[in-house]
Undergrad: 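Take this structure, written in structure tokens, and hold onto it; I'll ask about it next.
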Amino acid sequence: MLGKLNWGAIPIDQPIPLIAAGAIGLILAGVLAWITRAGHWPYLWREWITSVDHKRIGVMYVLLGLVMLIRGFVDAIMMRTQQAAAIGGAQGYLPPEHYDQLFSAHGTIMIFFGAMPFIIGLMNFVVPLQLGVRDVAFPTLNSVSFWLTAAGALLVNASLVIGEFARTGWLPYAPLSETGYSPGVGVDYYLWAIQISGVGTLMSGVNLVTTILKLRAPGMSYLRMPMFCWTALGSNMLIVAAFPILTATLAMLTLDRYLGFHFFTNEAGGNPMMFMNLIWAWGHPEVYILVLPAFGIFSETFSTFSSKPLFGYRSMVLATLFIVVVSFTVWLHHFFTMGAGGDVNAAFGIATSVIAVGTGVKVFNWLFTMYGGRVRFATPMLWSIAFMLVFVVGGMTGVLLAVPPADFLLHNSMFLVAHFHNVIVGGVVFGAFAGLTYWFPKAFGFRLDERWGQIAFWLSITGFVIVFGAMYVLGLEGMTRRLQHIDNVEWAPGIYVAGGGMVFMLLGVVAQVTQLVVSIRNRDALRDETGDPWDGRSLEWSTASPPPSFNFAVLPDVHGEEAYWTVKERARKEQSLGDAPQYEAVHMPRNSATGFVTAFFATLTGFALVWHIWWLVAVSLVGAYATFVAFAWRDEGEVEIAADTVAAADRARRTARQAWLDRQEGAA
Ligand code: HEA
Ligand code: HEM
Ligand SMILES: [Cu+2]
């Protein structure tokens, strides 16, 4: 009846996951109970869970990303403390099979459910606003994408209590991940969680590419798009091209595990090297999927907070497209040591180093954007400057790893671990925080507390330098990755230093949460009436904060590269906002439960497949299909928002804007 599932799946003999799961369960039950008591369910269902508004979906994506970053951070604390507690004769508190699940879960959660949702959420929220349009191309599909991602996150976290997670690393290398070496359900959880969320990511990629290519405000030609839209286009083109490779690779591994195929086995004609090639053909582009939008965020913040247009806009566009193409030609640098031969290694090493040229162009453009500008050191700008300093180091160590002879020494060492955290945390996570603090007032109508933001920043950057600086040293001293126990006591100082740095990082996380709480409590004092708290240059700042459901009362008419700056300049010169526009009724897509219900069935499907509960697989697949059919048959797809409502929504913003203009005149 329940396939392989029985009471043995609950890890009663392992107190740590049980206590962790118990605590999470209690918090979750508390939150649910509070929502029920306060009677918030109808509101949540109507306005959020079934919402197809790209802004709401973007916010939910970011929230998912934040929660999962904290979840992955807890794993990181456990890894660092385990290593510090298991040197020489000491054994630490985590047995090897648990430590292996820990780094696998940490990597998987951080990449797929922390960084990806965070970045996709920011793109979802910002891109339509910057393009001057009312939503993405396929709003309901957008909701499906989000909920499928959440379903994957749920499955990974469920594995903590029901069964186990993969012990194979964040990419389940074959043949280790084949049934013979990984007989448990861990790899199956990995496979279905990533397949389900991967479908969501692919659809979100199709959605955003279509939006950017097809839906732009009148006058918004390609070369007038803000830089963030360009990098979002690059990132989503990479998603559309790369994610099918991931899906196919994992599908083949699934066939191996479930039906006894031999794609990646050592015998019967299988070839494990095929897995390496395929997984990295997706895996390398994936890191640029993450970092390109972060580059876009920095382009926005450097320009806004330097009060200058972005330097070298066209070269930035070219560098972005260059990175998109070249990132598909370098995958082999992840397994230089596996014997492809000197010529092949040299070719891929050179291709890898060439990417540094594209990134270098960007770094110099950001520097020149700041040069001669009136630089304001607000929190988003602090994250951006810190990014530029640390990312150059991380990039350089990447170029070092791209030299095959050097990589033979450094492959699988802590130096490699330091390299990629240096670029992912320093690039993607700092970018996400810059974006969060930059666009938060747009999403919620009030700014984040600046003082706590700065405290969080300084704590995090201090911790970052200590933790990953120590890891570089450990790597050069020969320490390899994924060690549950440390035999060589000479590494102890480095491991203690890295552990000490974690204290600063932890305080940084606490400060970020405090910032959020303090800001929400002081929201009236932090209110942003004008919709433009940073003196921004692109269209998202031309509408109210938070923007109405239809984004713009009247679709903007774009002149020039900096759409909103041009409008503001004219208003400043003429000391007037111009006449109120002609308002018309707006049609917006109706909310839909399709995404949530599909994801509900997808979660069941995934869970049932992990545990071989075949009847449940059948039932939930039918359920998911029926949801789509029901959606296709609905005949009322849109709601009309009357012209009066649109006008009323715009009036408040115009009044605040006029007051701002008058103040400017007073100051002049
Ligand atoms: C956001 C993520 C991200 C980014 C941006 C990068 C960027 C780069 N990475 Fe990294 N990398 C990872 C994430 C990332 N990487 C991950 C996750 C892994 C390991 C996964 C695993 O094994 O589990 C990895 C592993 C990895 C390896 C494999 C090593 C091994 O397994 O032994 C290599 C080897 O070539 C490499 C190289 C590079 C290079 C050359 C860049 C370049 O793009 C960097 C370019 C930037 C600069 C160089 C700085 C700025 C430039 C200038 C200021 C101009 C002047 C500079 C020069 C002319 C040099 N990376
Ligand atoms: C914020 C602080 C972080 C710390 C202190 C940290 C620490 C660590 C440590 C100690 C390891 C394992 C090293 C080993 O034993 O091999 C690791 C692995 C990893 N981390 Fe992090 N990490 C952090 C954030 C992140 C983020 C934000 C991401 C991605 C977005 C990430 C992605 C990974 C990946 C992919 C691995 C490899 C897992 C594997 O070996 O399969 N980490 N991290
Ligand atoms: Cu790579």
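All values reported here derive from a predicted model rather than from experimental measurement. Any value given below was found using the heavy atoms of this structure, including those in side chains, with hydrogens, waters and symmetry copies removed. When a ligand or atom number is given, it counts from 1 through the structure's own listing order.
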Undergrad: Give the residue and atom name of whichever protein heavy atom lies nearest to atom 51 (C) of ligand 1, and the separation in Å to one decimal.
TA: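 For this ligand atom, the closest protein heavy atom is Gly360 CA, 3.6 Å.
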Undergrad: Could you tell me whether Phe113 approaches ligand 2 through its side chain, its backbone, both or neither, with non-hydrogen atoms closer than 4.0 Å?
TA: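 Neither; nothing of Phe113 gets under 4.0 Å from ligand 2.
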Undergrad: Counting non-hydrogen protein atoms only, what is the nearest one to atom 16 (C) of ligand 1? Give residue, atom name and distance.
TA: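 Of every protein heavy atom, Phe420 CB, 3.2 Å lies nearest to atom 16 (C) of ligand 1.
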Undergrad: Between His333, His421, Lys362, Arg482, which one has a non-hydrogen atom sitting closest to atom 28 (C) of ligand 1?
TA: His333
Undergrad: Quick one: are Leu448 and Thr379 in side-chain contact, heavy atoms under 4.5 Å?
TA: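 A side-chain contact is absent here, since even the closest heavy-atom pair is not under 4.5 Å.
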Undergrad: Looking at atom 59 (C) of ligand 1, what's its closest protein heavy atom, distance included?
TA: Met396 SD, 3.8 Å
Undergrad: When you measure from atom 5 (C) of ligand 2 to every protein heavy atom, which one gives the shortest distance, and what is it?
TA: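 Ranking protein heavy atoms by distance from atom 5 (C) of ligand 2, first comes Met502 SD, 3.3 Å.
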Undergrad: Counting from 1, what ligand 1 atoms have a heavy atom of Ile355 closer than 4.0 Å?
TA: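 Matching atoms, with element in brackets: 43 (O).
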Undergrad: Would you tell me whether Tyr99 and Gln83 have side-chain atoms, one donor and one acceptor, within less than 3.5 Å of each other?
TA: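 A pair is found: one side chain offers a donor N or O, the other an acceptor, under 3.5 Å apart.
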Undergrad: Would you please say whether a donor-acceptor pair under 3.5 Å links the side chains of His485 and Asp487?
TA: yes
Undergrad: Identify the closest protein heavy atom to atom 40 (O) of ligand 2: which residue and atom is it, and at what distance?
TA: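 Scanning the protein heavy atoms, the shortest distance from atom 40 (O) of ligand 2 goes to Arg482 NE, 2.7 Å.
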Undergrad: Checking the N or O distance criterion of under 3.5 Å, is ligand 1 in contact with Thr359?
TA: no
Undergrad: Testing the 3.5 Å rule here: is there a donor-acceptor pair between the side chains of Trp366 and Tyr371?
TA: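 No - no donor-acceptor pair under 3.5 Å links their side chains.
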Undergrad: For ligand 1, which part of Trp170 has a heavy atom less than 4.0 Å away: the side chain, the backbone, both, or neither?
TA: side chain
Undergrad: Quick one: does ligand 2 sit under 4.0 Å from the side chain of Met110, the backbone, both or neither, non-hydrogen atoms only?
TA: both
Undergrad: Report the C-alpha distance between Thr301 and Ser384 in whole Å, list the side-chain angles of each, state the deciding distance to 0.1 Å, and finish with yes or no for side chain to side chain donor-acceptor pair (under 3.5 Å).
TA: CA-CA 7 Å; Thr301 51; Ser384 310; 2.8 Å; yes
Undergrad: Considering heavy atoms of the protein only, find what lies nearest to atom 25 (C) of ligand 1 and give residue, atom and distance to 0.1 Å.
TA: His334 CE1, 3.4 Å
Undergrad: Below 4.0 Å, non-hydrogen atoms only: which portion of Val399 touches ligand 1? Side chain, backbone, both or neither.
TA: both
Undergrad: Can you check which of Phe73, Phe103, Tyr99 brings a heavy atom nearest to atom 15 (O) of ligand 2?
TA: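 Looking at heavy atoms only, the winner is Tyr99.
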Undergrad: Would you mind running through ligand 1 and noting each atom that sits below 4.0 Å from a heavy atom of Ala402?
TA: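 It comes down to these atoms of ligand 1: 34 (C), 35 (O).
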Undergrad: In the protein, what heavy atom is nearest to atom 32 (O) of ligand 1, and what distance, to one decimal place, separates them?
TA: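 Residue, atom and distance for the closest contact: Asp407 OD1, 2.4 Å.
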Undergrad: For N/O/S atoms only: which one belongs to His333 and is nearest the Cu ion (ligand 3)?
TA: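 The atom in question is NE2.
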Undergrad: Tell me whether ligand 1 is touched by Trp280 - counting only heavy atoms on the residue side and a distance under 4.0 Å.
TA: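 It does, in that a heavy atom of Trp280 comes within the 4.0 Å cut-off of ligand 1.
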Undergrad: Checking side-chain polar atoms at under 3.5 Å, does Lys362 have a donor or acceptor matched by the opposite partner on Ser315?
TA: no
Undergrad: Ignoring hydrogens and geometry beyond distance, is a side-chain donor-acceptor pair present between Thr397 and Tyr472 at under 3.5 Å?
TA: yes
Undergrad: Answer with yes or no whether Leu410 contacts ligand 1, where contact means a heavy atom under 4.0 Å from a ligand atom.
TA: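 No, Leu410 has no heavy atom closer than 4.0 Å to ligand 1.
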Undergrad: For ligand 2, find out whether one of its N or O atoms is nearer than 3.5 Å to an N or O atom of Arg80.
TA: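 In fact, backbone or side chain, Arg80 has no N or O that close.
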Undergrad: Which single N/O/S atom of His419 lies at minimum distance from atom 10 (Fe) of ligand 1?
TA: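 Of all N, O or S atoms belonging to His419, NE2 is the one nearest atom 10 (Fe) of ligand 1.
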Undergrad: Identify, for atom 38 (C) of ligand 1, the protein heavy atom at the shortest distance, and state residue, atom and that distance.
TA: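 Protein heavy atom at minimum distance: Gly398 CA, 3.6 Å.
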Undergrad: Could you check whether atom 4 (C) of ligand 1 has a protein contact, counting only heavy atoms that fall below 4.0 angstrom?
TA: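 Under the 4.0 Å cut-off, atom 4 (C) of ligand 1 does have protein heavy-atom neighbours.
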Undergrad: Taking 4.0 Å as the limit for heavy-atom contacts, which would you say applies to Arg481 with ligand 1: side chain only, backbone only, both, or neither?
TA: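 The part of Arg481 near ligand 1 is the side chain, not the backbone.
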Undergrad: Give a yes-or-no answer on whether the side chains of His334 and His411 include a donor-acceptor pair shorter than 3.5 Å.
TA: no
Undergrad: Side chain or backbone, does Ser104 bring an N or O within less than 3.5 Å of an N or O on ligand 2?
TA: no
Undergrad: Out of Met79, Gln82, Met414, indicate the one that has the non-hydrogen atom closest to atom 11 (C) of ligand 2.
TA: Met79
Undergrad: What protein heavy atom sits nearest atom 14 (C) of ligand 1, and how far away is it?
TA: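 Heavy-atom neighbour on the protein nearest atom 14 (C) of ligand 1: Val423 CG2, 3.5 Å.
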Undergrad: Before giving the answer on side chain to side chain contact (heavy atoms under 4.5 Å, CB included), spell out for Leu208 and Leu233 the whole-Å C-alpha distance, their side-chain angles and the decisive distance to 0.1 Å.
TA: CA-CA 7 Å; Leu208 279 163; Leu233 178 62; over 6 Å; no
Undergrad: Does ligand 2 have any atom sitting under 4.0 Å from a heavy atom of Phe468?
TA: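 The answer is yes: ligand 2 sits under 4.0 Å from a heavy atom of Phe468.
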Undergrad: Decide whether the shortest distance between a heavy atom of Leu416 and an atom of ligand 1 is less than 4.0 Å.
TA: yes
Undergrad: So which heavy atom in the protein is nearest atom 13 (C) of ligand 1, and how far is it from that ligand atom?
TA: Val287 CG1, 3.5 Å
Undergrad: Taking a cutoff of less than 4.0 Å between a non-hydrogen atom of the residue and any ligand atom, is Tyr288 in contact with ligand 1?
TA: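 Tyr288 counts as a contact of ligand 1 under the 4.0 Å cut-off.
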Undergrad: Between Tyr173 and ligand 1, which residue portion shows a heavy-atom distance shorter than 4.0 Å: side chain, backbone, both, or neither?
TA: neither
Undergrad: Would you say the side-chain atoms of Ser159 and Tyr190 include a donor-acceptor pair closer than 3.5 Å?
TA: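 Note: Ser159 and Tyr190 side chains miss the donor-acceptor criterion.
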Undergrad: Which residue holds the protein heavy atom closest to atom 25 (C) of ligand 2, what is that atom called, and what is the gap in Å?
TA: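 Its nearest protein heavy-atom neighbour is His421 CD2, 3.5 Å.
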